[in-house]
Amino acid sequence: MNLKGRFPIIMFVSLFSCFSNQAQVKEKVVLHPSCPSESNIRIELNEAQYVLIGGVPQWITIKGKDCSNPVVLMVHGGPGIPLSKYHDSLFQDFEENFTIVHWDQRGSGRTYLAQFESEELTLDMITNTKLSVDLLVQDGLEVSDYLRNRLGQEKIIISGSSWGSFLATKMVHMAPNKFHFYIGLSQLVNGSKNYAESYKKVKTIAVERDDKAALAILNKMGPPRWSHPSSFGKLRRIIKRYESETASDPVQWKVSKAYLSEFSDAKYSMFSEEFSFLKFTGFNGDGMINDVALDECCTHLKIPIYIIQGHKDLLTVPKVTKEFFEEIVASEKEYIQIENSGHDANIDMLRMQLDMLKAGTAKYIKKE
């Protein structure tokens, strides 16, 4: 989930307001001319623009080699860690068979930059800006409708990772008629259960290793529920260290050229990560995490479901994922375990994601 352990501080970036004024918001959906065509000519898509979603300009990128290919909406994790700027290093191989869409969620990435006119990230911004699970799910469904209209397809495929897997599952549960099938990676199920099990698993490993530094941190913070947001970050840092020693074939998170030239990491990533992280945890354990409970609301899913889980995931641990998977009632479901993968996607997990996209397409789309 890429949650950070930093407590937010007041930060100043003079270009925030300048960028916000320059954002070009496209309110009218214009169907791409090639999408409804029956022509055999392959027309490549490469769009990146703001679209008015839920009254807020939100950044959407659409890339693919053929407009007639199935559309895949990638719902990013974090919260606040958009995948759009990593597309070229992670998803170029997907473009041959699919149209890949990245959406910077409200409060994330370029959407964050266009959303706020202030030149500073302040306590007032964090506490008084509305961001909720329901709001993000509604945004996601509106993005899905935009894509279906713009690309001329009755349904799309949806895939989410970590925090994004939670949002995507909520979207599927609310509007299954919009989607062909769902692929979840590092499935986030229940905030309380996931982090309690994560803490327990990590502490067991620390004891086995006699990792005194980690044990000192874990014992001081205690098991969740935590009241201080830094506790999540402390656990996450230990997890990253442990997983780096056991997971194989890590991906190279290389920023695409378009983002290197126009935005620094601070302007694009750091501020939105801080904002979204605090909205997720809350200042006193009162954030969006308390509304994460798929096992209490969303076990009946009316489309095919694929869940890809790293066997060595210490954050969204397999035990909780498997329990949720067993409860799911769907037209078809499959649990795929990646042996040498942790929470963050590695090469094996991305390859499996592409394989399952192809398998699901062959099974559920070609015959429609």
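Because the structure is a prediction, the values reported are computed rather than measured.
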- Between the side chains of Trp59 and Gln115, is a donor N or O closer than 3.5 angstrom to an acceptor N or O? no
- Task: Run the salt-bridge test on Lys254 and Asp88 with the 4.0 Å N-O cut-off and return the result as yes or no.
- Result: no
- Item | Whether over 12 other heavy atoms sit under 6.0 Å from Glu245 CD | yes
- Query: Passes side chain to side chain contact (heavy atoms under 4.5 Å, CB included), Val72 versus Val101? Steps please.
  - Reply: CA-CA 6 Å; Val72 184; Val101 178; over 6 Å; no
- Message: Tell me whether His76 contacts the main-chain N or O of Ile81 through its side chain, where contact means a donor paired with an acceptor under 3.5 Å.
- Response: yes
- Query: Going by distance alone, is a donor N or O of one side chain under 3.5 Å from an acceptor N or O of the other, for Gln105 and Ser276?
  - Reply: no
- Item | Lys/Arg N to Asp/Glu carboxylate O, Asp344 vs Lys240, below 4.0 Å | yes
- Roughly how far, to the nearest 0.5 Å, is the CZ atom of Phe181 from the CD1 atom of Ile365? 5.0 Å
- Query: Can you name the side-chain hydrogen bond (donor to acceptor under 3.5 Å, both in side chains) partners of Lys358, sequence neighbours left out?
  - Reply: none
- side chain to side chain contact (heavy atoms under 4.5 Å, CB included) between Ile156 and Thr99, worked out: CA-CA 10 Å; Ile156 63 174; Thr99 297; over 6 Å; no
- Pi-cation contact, Tyr242 with Arg237 (under 6.0 Å, within 45°): no
- Query: Should the heavy atoms of other residues, nucleotides or ligands under 6.0 Å from NZ of Lys201 be counted, would the total exceed 12?
  - Reply: no
Enumerate, atom names and distances included, each donor-acceptor pair closer than 3.5 Å involving a side-chain atom of residues 293-303, sequence neighbours excluded.
unit_1: Asp295; atom_1: OD1; unit_2: Asn190; atom_2: ND2; d: 3.0
unit_1: Asp295; atom_1: OD2; unit_2: Lys193; atom_2: NZ; d: 2.7

- Criterion side chain to side chain contact (heavy atoms under 4.5 Å, CB included) on Leu315 and Ser186, from CA distance to verdict: CA-CA 8 Å; Leu315 189 60; Ser186 305; over 6 Å; no
- Query: Is a salt bridge present between Lys363 and Glu332, judged by a nitrogen-to-oxygen distance below 4.0 Å?
  - Reply: yes
- Task: Give a yes-or-no answer on whether the side chains of Ser159 and Gln353 include a donor-acceptor pair shorter than 3.5 Å.
- Result: yes
- Message: Assess whether a salt bridge exists between Lys319 and Glu323, defined as any Lys/Arg side-chain N lying under 4.0 Å from an Asp/Glu carboxylate O.
- Response: yes
- Message: Could you check whether Lys203 and Asn219, counting side-chain N and O atoms only, form a donor-acceptor pair closer than 3.5 Å?
- Response: yes
- Query: Is there a donor in the side chain of Gln58 and an acceptor in the side chain of Asp104, or the other way round, less than 3.5 Å apart?
  - Reply: no
- Item | Distance, nearest 0.5 Å, that separates NE2 of His173 from CZ of Phe179 | 13.0 Å
- Using modelled atom types only, decide if a donor and an acceptor are shared between the side chain of Glu243 and the backbone of His343 within a distance under 3.5 Å. yes
- Query: Between Gln252 and Ser89, is any side-chain donor less than 3.5 angstrom from a side-chain acceptor?
  - Reply: no
- Item | Gln337 side chain vs Gln309 backbone, donor-acceptor pair below 3.5 Å | no
- Item | Asp134 and Gln138: side chain donor to acceptor below 3.5 Å | no
- Query: Rounded to the nearest 0.5 Å, how far does CZ of Phe98 lie from NZ of Lys65?
  - Reply: 15.0 Å
- Message: Could you measure the distance from the OG1 atom of Thr127 to the NZ atom of Lys279? Nearest 0.5 Å is fine.
- Response: 7.0 Å
- Query: Got a second to check how far Trp226's CH2 is from Met221's CE, nearest 0.5 Å?
  - Reply: 4.0 Å
- Task: Could you check whether the rings of Tyr195 and Phe280 sit parallel, tilted or perpendicular, using 30° and 60° as the cut-offs?
- Result: perpendicular
- Pairing of Arg241 and Asp211 as salt bridge, 4.0 angstrom limit: yes
- Step by step, would you call Phe166 with Val75 a side chain to side chain contact (heavy atoms under 4.5 Å, CB included)? CA-CA 9 Å; Phe166 164 71; Val75 186; over 6 Å; no
